[in-house]
2 protein chains.
Amino acid sequence: MAVGSGSAPPTGRPTRLPRSARRKQLLAAAQEVFVAQGYHAAAMDDIAERAGVSKPVLYQHFPGKLELYLALLDTHCDAIVAQVRSAMVGTSDNKERVKGAVQAYFDFVDHESEAFRLVFESDLRNEPAVRERVERVEKGCIAAITDTIISDTGVSRAHAELLASGLVGAAETAAQFWLAAGRKVPKADAEALLATLTWRGIASFPLQGESA
Amino acid sequence: MAVGSGSAPPTGRPTRLPRSARRKQLLAAAQEVFVAQGYHAAAMDDIAERAGVSKPVLYQHFPGKLELYLALLDTHCDAIVAQVRSAMVGTSDNKERVKGAVQAYFDFVDHESEAFRLVFESDLRNEPAVRERVERVEKGCIAAITDTIISDTGVSRAHAELLASGLVGAAETAAQFWLAAGRKVPKADAEALLATLTWRGIASFPLQGESA
DNA sequence: CTGCACGCCGATCTTGACCTCCACGGAATC
DNA sequence: GATTCCGTGGAGGTCAAGATCGGCGTGCAG
């Protein structure tokens with residue numbers, strides 16, 4: 001959208017650009033198209049046109065469609081995992097941890113570009129490279145929460161993983177639903193609601209341990 | 001796999017079949033391939049070969065690849081919604097309702113054919129017809145739970161929907177994770193664990209504010 | 001016994017999308 | 001101010017996959 005020296009006119013000056021800026025612009029255009037159309041429906045022609053350049057330029061920056069998609073994916077995969085991890089290590093108050101993790105999912109989904117669709121709604125999970133990334137995100141988030149659950153409750157790893165996956169699923173699905181429903185509920189309220197739901201669910205599990 | 005009169009030999013007599021049986025066999029073969037490979041990666045050749053017939057027969061039974069997929073999808077979409085609905089109306093004990101809904105998801109996922117992937121992991125959400133089906137499942141399950149939440153807690157519809165989406169997401173994600181992890185935990189234990197988690201989460205909502 | 005009808009298969013066509021080749025235009029240099 | 005160079009643009013090749021036509025063999029009616 002925002003190209004350094006204004007948007008590319010349909011026809012006129014071909015706007016020469018330094019390589020780095022061009023690449024960033026191509027990534028932005030690709031993200032818009034991939035998010036809007038999905039991987040398969042998105043054509044390289046569309047991406048090139050969206051960026052205001054021709055296809056060869058695209059292929060001078062990325063070897064192929066898959067690599068372009070993976071570059072985008074990698075950009076966002078780290079973000080959500082890092083946020084959840086940071087929510088875990090940022091405090092020792094478990095209630096705050098839950099709140100932080102829920103907020104991480106809502107922030108991720110609330111990002112204007114809707115880039116979360118690349119991760120949560122990818123139509124390329126069969127591709128091993130994509131599958132690996134997506135699973136790493138899910139596993140990473142679950143693992144972070146799992147460790148916290150284990151060390152604070154003492155339940156078995158298998159059970160802790162199941163609980164963690166449940167919490168992750170709640171946050172993820174609710175965040176997506178909140179967005180799909182048009183943000184009818186204020187973001188802070190939605191986050192608080194989900195945080196309360198998940199916190200009440202998990203809080204009593206420290207059986208004989210701390211009671212909040 | 002099991003064809004009425006034994007498996008189709010690689011070469012021999014081409015096993016003539018009545019139309020109805022042939023259709024069911026084609027649907028079964030298509031389901032296996034779609035589940036294993038996803039929609040895009042699945043080729044009509046693969047499906048035909050899996051069924052032991054040639055492509056023209058496939059097109060004599062279904063107008064195209066999309067219609068074949070939709071036929072499969074319709075078969076399974078109703079199942080999960082009906083199960084969740086039945087869990088809601090089958091009792092007035094909310095704890096049992098939660099247990100029943102969780103069990104519905106685990107049963108759905110535990111079905112041998114792994115047909116749940118057609119609904120939960122479809123790589124064709126861009127297709128409006130598919131999108132409509134999948135969203136109807138999600139919306140339907142959420143709606144069923146939402147109504148129960150509203151009538152038993154009195155929270156606003158928007159908030160109840162968010163809570164319901166959270167519960168649905170927890171059950172769905174946990175069930176899938178449980179399966180992906182290789183059923184390490186006995187099914188009944190996993191169901192009980194998730195039922196406890198979600199029940200504890202939702203149980204104290206009646207008459208309670210959100211800021212604990 | 002013989003002609004007929006029907007379901008099935010091998011081989012083919014076509015579309016559409018990813019990925020490269022020949023002409024043009026501005027910028028730096030002497 | 002002319003030349004050379006490099007990046008851009010439109011037109012085309014290739015290939016995979018969905019969709020389809022003439023031949024064949026089997027079982028049945030007459």
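In what follows, chains carry the letters A, B, and so on, assigned in the order in which the sequence lines appear, proteins first and then strands, with residues in each chain numbered from 1.
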A:F116-A:Y105 aromatic ring centre distance below 6.0 Å: no
Test side-chain hydrogen bond (donor to acceptor under 3.5 Å, both in side chains) applied to A:T173 and B:E172, step by step: CA-CA 9 Å; A:T173 302; B:E172 183 182 314; 5.6 Å; no
Selection: residues 62-73 of chain B, any non-hydrogen atom under 4.0 Å of DNA chain D: B:G64, B:K65
Whole-Å gap separating C1' (D:dT8) and CD (A:E49): 16 Å
Rounded distance (nearest 0.5 Å) linking atom CG of A:N94 with atom CD1 of A:I202: 9.0 Å
Phosphate OP1/OP2 of D:dG7 contacted by A:R22 side-chain N/O (<4.0 Å): no
Between D:dG18 (P) and B:E127 (CD): distance, integer Å: 14 Å
Between C:dA11 (C1') and B:M44 (CE): distance, integer Å: 18 Å
Distance test, side-chain N/O of B:Y59 to OP1/OP2 of D:dA19, below 4.0 Å: yes
Presence of salt bridge, B:D147 and B:R157, under 4.0 angstrom: yes
Closest-nucleotide 5' rank along DNA chain C - winner of A:A43 and B:H61: B:H61
Whole angstrom value for the distance that separates P of C:dG7 from CD of B:Q25: 16 Å
Interatomic distance where CD1 belongs to A:I47 and C1' belongs to C:dC19 [whole Å]: 13 Å
Sugar-phosphate only, base, or nothing, as touched by A:A42 at under 4.0 Å among non-hydrogen atoms: sugar-phosphate
Atom pair distance, as rounded to whole Å: CD in A:Q60 and C1' in C:dC21: 13 Å
Can you give me the N/O atom pairs linking the protein to nucleotides 10-13 of chain D at distances under 3.5 Å, or say none if there are none?
none

Interatomic distance, B:H40 NE2 vs D:dA16 P [rounded to whole Å]: 18 Å
Any side-chain heavy-atom pair of A:E138 and A:F120 under 4.5 Å: no
Ion pair check, A:E135 and A:R131, cut-off under 4.0 Å: yes
Parallel, tilted or perpendicular: ring planes of A:Y69 versus A:F34, cut at 30 and 60 degrees: perpendicular
Straight-line distance of A:Q103 CD to A:L194 CG, nearest 0.5 Å: 12.0 Å
Length of the CD-C1' vector between B:Q37 and D:dA16, whole Å: 15 Å
Step-by-step salt bridge (Lys or Arg N to Asp or Glu O under 4.0 Å) determination, B:R97 to B:D152: CA-CA 12 Å; B:R97 284 175 169 154; B:D152 283 358; 3.4 Å; yes
